[in-house]
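What follows is a short report on a single structure.
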Protein chains: 2
Amino acid sequence: MTTKRTSRPLTLRDVSEASGVSEMTVSRVLRNRGDVSAATREKVLTAARTLGYVPNKIAGGLASQRVNLVAVIIPSLSNMVFPEVLGGISAELDDTGLQPVVGVTNYSPSREDAVLYDMLSWRPSGVILAGLEHSLPARAMLDNVGLPVVEIMDIDGDAIDTAVGISHRRAGAEMAAEILAAGYRRIGFIGTHMPEDHRARKRLAGFEEHLAQAGITLAAREYYQGGSSLQKGRELTERILAREPELDFLYFSNDMIGAGGLLWCLEKGYDIPGKLGLAGFNGVDLLDGLPMRLTTTDARRVDIGRRAARIVAGKEPRPENGIVALSPTFLPGDTIRKG
Amino acid sequence: MTTKRTSRPLTLRDVSEASGVSEMTVSRVLRNRGDVSAATREKVLTAARTLGYVPNKIAGGLASQRVNLVAVIIPSLSNMVFPEVLGGISAELDDTGLQPVVGVTNYSPSREDAVLYDMLSWRPSGVILAGLEHSLPARAMLDNVGLPVVEIMDIDGDAIDTAVGISHRRAGAEMAAEILAAGYRRIGFIGTHMPEDHRARKRLAGFEEHLAQAGITLAAREYYQGGSSLQKGRELTERILAREPELDFLYFSNDMIGAGGLLWCLEKGYDIPGKLGLAGFNGVDLLDGLPMRLTTTDARRVDIGRRAARIVAGKEPRPENGIVALSPTFLPGDTIRKG
DNA sequence: CTGAAAGCGCTAACAA
DNA sequence: TTGTTAGCGCTTTCAG
């Protein structure tokens, strides 16, 4: 491998000169476009390799007006859920020549605006972003970008272009149904106090509505700030049970705090699921291996990523109504009484 | 917000015409470069906003030969460790105008080559990548890019340009020292069988060398394939203890399987840390909240990300020898006997 | 199958 | 303080 120490990055012209082939033909070879004789192709590839040429996509993108980037905008990387969505997106994009570029908003609408603006300035081929709730500036940017825009995770609301996700209201309602069917009646809720966590909010709304239909209201609720952890789950569980010892079920807004609650309850000798049932949300398989499997709802994260990517890549048509509804799946686990 | 439905994306020229200011001056306003009168600035900003103009960084990058992107290449997003590194990078890059672009290799050298090639073709301002071991093509690409290249996580080996990380040999050796000091002698190891997981390999080497100095060899070892999970930790722990019931310590190659092992041992009634000690690696605080805190080593993930980003951003000079060595920190936890 | 010319949208460098 | 000119490195288009 000849490594000529160049301060200036190599250009097509360098390869052209080294191979004695016109820039245009070099470009064709390097992109596998159009017909090029085997001999010419060989000359070009050899020259490119020995020089160590790396094409300049900035220039290419400007000339072709096409950029193989997909903007992916998510609230966080630090819990298990978005990395899994990303995995689905990345897997499905793999054979399309498209590349995901990730922006993280930390659940801040203003950061979402900034990240979106920044990503759009790269003129990507599509945008995938979490949630249906966006600021006015963000909506304005997205309304007329003229690219596929896929909003993921949630389908309870209006999509700008296309939405791929589950109904969190339904997920909440279905969990309520399972809990009631199992005979629990004094139910507490533990969740984040994040005004911006719209999906958790909708889940709780669906949950409470279903309870209300059975004439039941939440017997207690406990909110917390900041990230989820086992430790947090323990503390909140202790607190809510201290306040309301008669609770017979705890619905957690995610599996992580649910698992913390589960560990605490087991240590304290609670009869689970006999006297006290527990459920989380997400279906994080990382937690398989706890003393009991936490009852939860699979939020279909990987599938959501895949479907969103397929639509952006044009592998799958955008549905008429713009909604791709996946079904949240109840995972019974061991922490709810069996019907 | 006037939303003119345009198929063609807006250009500087549109803003120029709408505001009656030359393109060049519009450009200056939008980038806060050079002196522009307040009146002109106002005209431009108003026009840009009402049109909904989003600059084209592709064109800007080509013209200025500078791109505010930092390529970050990591093996995986699906365990806790790299997202945390990313968090550090992202936090430190926040006020620099640089933006991280993440590529994932899934621990495959050939994917690393592909991802690196792809990212370099965007002409980023710097490259941060995990590990010191790279394929020949990757080294060739990096040797002469003429950008800051920071290899992270590991410092046991030769850096291309700069390395920021911990010595995994040392981390392994120090854990061995702690284990021996606590009086354990029949020690087993449980880790991934990934030929490409160089850091785990070096940790184990440092661990065994230190044991050897005390005349001790590993009494058993158990390898596994694929990702780490609590479940996997349970299974491997059961297996190794079935084979070698006399073991008095288990060293796990990461906290996740260590935690699985811990849970299994607690259920089986092992006396921990009395008869059996356990240790992991990473210092994942997500796991705080287990019945006992697992003894482990803090791998300084966030700090590594921060320092790497600082160097790429030029906030901090590249050290003479190209090595930024952070100290792995022993976290005693509850699963090792106290000296 | 190969090449020449024109320009993508912006900014560096210079001029006014 | 503002404007003009000339590209950045590639691909589109059209001609051979």
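The basis for the numbers below is simple: all heavy atoms, side chains too, and nothing from hydrogens, waters or symmetry mates. Every chain is numbered from 1, with letters handed out A, B, ... down the list of sequences.
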So, does [X] get its side chain near the phosphate of [N], meaning an N or O under 4.0 Å from OP1 or OP2?
| X | N | value |
| --- | --- | --- |
| A:Ser64 | C:dC8 | no |
| B:Ser27 | C:dT11 | yes |
| A:Thr40 | C:dT2 | yes |
| A:Arg41 | C:dT2 | no |
| B:Arg13 | C:dG9 | no |
| A:Tyr53 | D:dC10 | yes |
| B:Arg66 | D:dC8 | no |

Salt bridge (charged side-chain N to carboxylate O under 4.0 Å, His left out) pairs touching residues 82-92 of chain A, sequence neighbours excluded, are A:Glu84-A:Arg301, A:Glu92-A:Arg306, A:Glu92-A:Arg310, A:Glu92-A:Lys315
Whole angstrom is fine here: how far is it from [atom1] in [X] over to [atom2] in [N]?
| X | N | atom1 | atom2 | result |
| --- | --- | --- | --- | --- |
| B:Asn68 | C:dC10 | CG | C1' | 14 Å |
| B:Ile58 | D:dC10 | CD1 | P | 13 Å |
| B:Asp14 | C:dC8 | CG | C1' | 14 Å |
| A:Asn32 | D:dT11 | CG | P | 12 Å |
| B:Asn56 | D:dC8 | CG | P | 18 Å |
| B:Trp122 | D:dC10 | CH2 | C1' | 12 Å |

Contact between [X] and [Y] at the side-chain level, heavy atoms closer than 4.5 Å - yes or no?
| X | Y | answer |
| --- | --- | --- |
| A:Met119 | A:Val127 | no |
| B:Thr162 | B:Val149 | no |
| B:Asn56 | B:Thr11 | no |

Per atom distances to the A:Ala59 side chain, the nearest of D:dG9, D:dT11, C:dA12 is D:dG9
Of B:Leu62 and B:Arg33, the one whose closest DNA chain C nucleotide lies more 5': B:Leu62
Ion pair [X]/[Y], N-O distance below 4.0 Å:
| X | Y | value |
| --- | --- | --- |
| A:Asp35 | A:Arg41 | no |
| B:Arg199 | B:Asp156 | no |
| A:Arg111 | B:Asp94 | yes |

With no hydrogens and no angle check, just 3.5 Å: does a side-chain donor-acceptor pair link B:Ser27 and B:Arg31? yes
Pick base, sugar-phosphate or nothing for A:Arg123, based on heavy-atom distances below 4.0 Å to the nucleic acid. nothing
Just to be sure I understand the rule, does A:Asp35 reach a base, reach only the sugar-phosphate, or reach nothing, if contact means heavy atoms closer than 4.0 Å? base
Return the 5'-most residue of the pair B:Gln65, B:Gly20 with respect to DNA chain D, ranking by each residue's nearest nucleotide. B:Gly20
Below 3.5 Å is the cut-off: list the nitrogen or oxygen pairs between protein and nucleotides 4-6 of chain D, distance only.
none

